[in-house]
Amino acid sequence: MTSRLHARQRPLRESEFAQIPWLSRLLPNEHERAVSDLRVGMAQAGEMICRTGRPATYWFGVIDGLLKVSILTLQGRTTTYTGIAPGGWFGEGTVIKREAYRYDAQALRRSRVAGLPTGTFHWLLDHSIGFNRFIMDQLNERVGQFIGTLAAERTSDPEQRVAHSLVALANPRLFYNVGRELHITQQELAYLVGLSRQRVNQALHELAARKLVRVEYGRLRILDLPALRRLGLEPESTG
DNA sequence: TCATTAAATTGTT
DNA sequence: AACAATTTAATGA
């Protein structure tokens, strides 16, 4: 529930500026207003950041932690759209159209989440070329990612599904704080991919055997992103 | 700093 | 889903 995030929210700290990719693209007066309007809150694991149907009040970003964006199908099944890693921002489509959220966002682990009020968002759209540029790049990047997801979803091969999720999370254009080291547990990855933890564990070791990733405690190291990308996006490709 | 303990995560059935 | 093994984090001397 957004109000829970509300209750604990506080202004942005200066040390957090660097975690927000679009701030550096703003001119001084734009920067000043954005920083003073930005709010930061702690979301506990399992906590909802936004819910389907609620009017869009914030454009959200992850400072650290991990979120899952999902919808509830008519059949009552949960379908995960994507994970949001540190440095990632989401909800711009909804905020631009001034609509209600069309998805749920939930913290998979304890996460620091920033929110920019819709009013400020629109002000930046109206005044800042740098901001517009960021939004355009982000929308463009997301389109590409969803096309890849469509291809990846046609397969039921866990190894490919897992590979695709990893490639998506390692995308520096969407999650610029994420390097070759993904801080994600196998359980969290399982929630994102929609597979059991056991199956994810098995798939990860298959990927590790191919030297595409290294499995570590509480995190994964990506060893061969190009090969992982081929595997995740193109069903027949074996590298 | 080190040893002990609890908690989290992984590996396996 | 359950359980054992392993790794990390927390605690206190």
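Everything quoted here is computed from the prediction, not taken from an experiment. Lettering follows sequence order; numbering is per chain, from 1. Only this structure's heavy atoms are used, side chains among them; waters, hydrogens and symmetry mates stay out.
- One atom, CZ of Arg214(A), and another, C1' of dT7(C), lie 17 Å apart when rounded to the nearest Å.
- Rounded to 10°, the angle separating the first-five-pair axis and the last-five-pair axis of the helix from dT1(B)-dA13(C) to dT13(B)-dA1(C) equals 10°.
- Protein atom NE2 of His183(A) is 15 Å distant from nucleotide atom C1' of dT9(B), rounded to whole Å.
- Using a cutoff of 4.0 Å between basic side-chain nitrogens and carboxylate oxygens, Arg214(A) and Asp224(A) are not scored as salt-bridged.
- Partner of Leu116(A) under the side chain to side chain contact (heavy atoms under 4.5 Å, CB included) criterion, chosen from Leu12(A), Leu38(A), Val95(A): Leu38(A).
- Glu30(A) and Ser128(A) share a donor-acceptor pair across their side chains, judged by distance under 3.5 Å alone.
- One atom, CZ of Arg219(A), and another, C1' of dA9(C), lie 13 Å apart when rounded to the nearest Å.
- For Phe131(A) and Phe121(A), the distance between ring centers is under 6.0 angstrom.
- Rounding to whole angstrom units, CD of residue Gln187(A) and C1' of dT12(B) are separated by 16 Å.
- In terms of modelled atom types and a separation under 3.5 Å, the side chain of His31(A) and the main chain of Leu27(A) share no donor-acceptor contact.
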Heavy-atom contacts, protein to nucleotides 3-8 of chain B, under 4.0 Å, summarised as B (base), S (sugar-phosphate only) or - (none) per nt, yield -----B
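- dT9(B) atom C1' lies 18 Å from atom CD of Gln202(A), rounded to whole Å.
- Here Thr52(A) pairs with Asp104(A) under the side-chain contact (heavy atoms from CB on, under 4.5 Å) rule; sequence neighbours left out.
- Using the six-membered ring where Trp is involved, Trp89(A) and Trp59(A) have ring planes that are tilted, between 30° and 60° apart.
- One interatomic measurement links the two molecules: CZ of Arg199(A) to C1' of dG11(B), which rounds to 15 Å at whole-angstrom precision.
- For Asn201(A), a side-chain nitrogen or oxygen approaches OP1 or OP2 of dG11(B) to under 4.0 Å.
- Each of Arg110(A), Arg109(A), Arg112(A) was evaluated against Asp64(A); a single residue qualifies, Arg112(A), per the side chain to side chain donor-acceptor pair (under 3.5 Å) test.
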Are Gln106(A) and Glu47(A) close enough, and set up right, to give a side chain to side chain donor-acceptor pair (under 3.5 Å), and what steps lead you there? CA-CA 6 Å; Gln106(A) 184 180 30; Glu47(A) 195 170 325; over 6 Å; no
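- Rounding to whole angstrom units, CG of residue Leu204(A) and P of dT10(B) are separated by 9 Å.
- Protein atom CZ of Arg197(A) is 12 Å distant from nucleotide atom C1' of dA4(C), rounded to whole Å.
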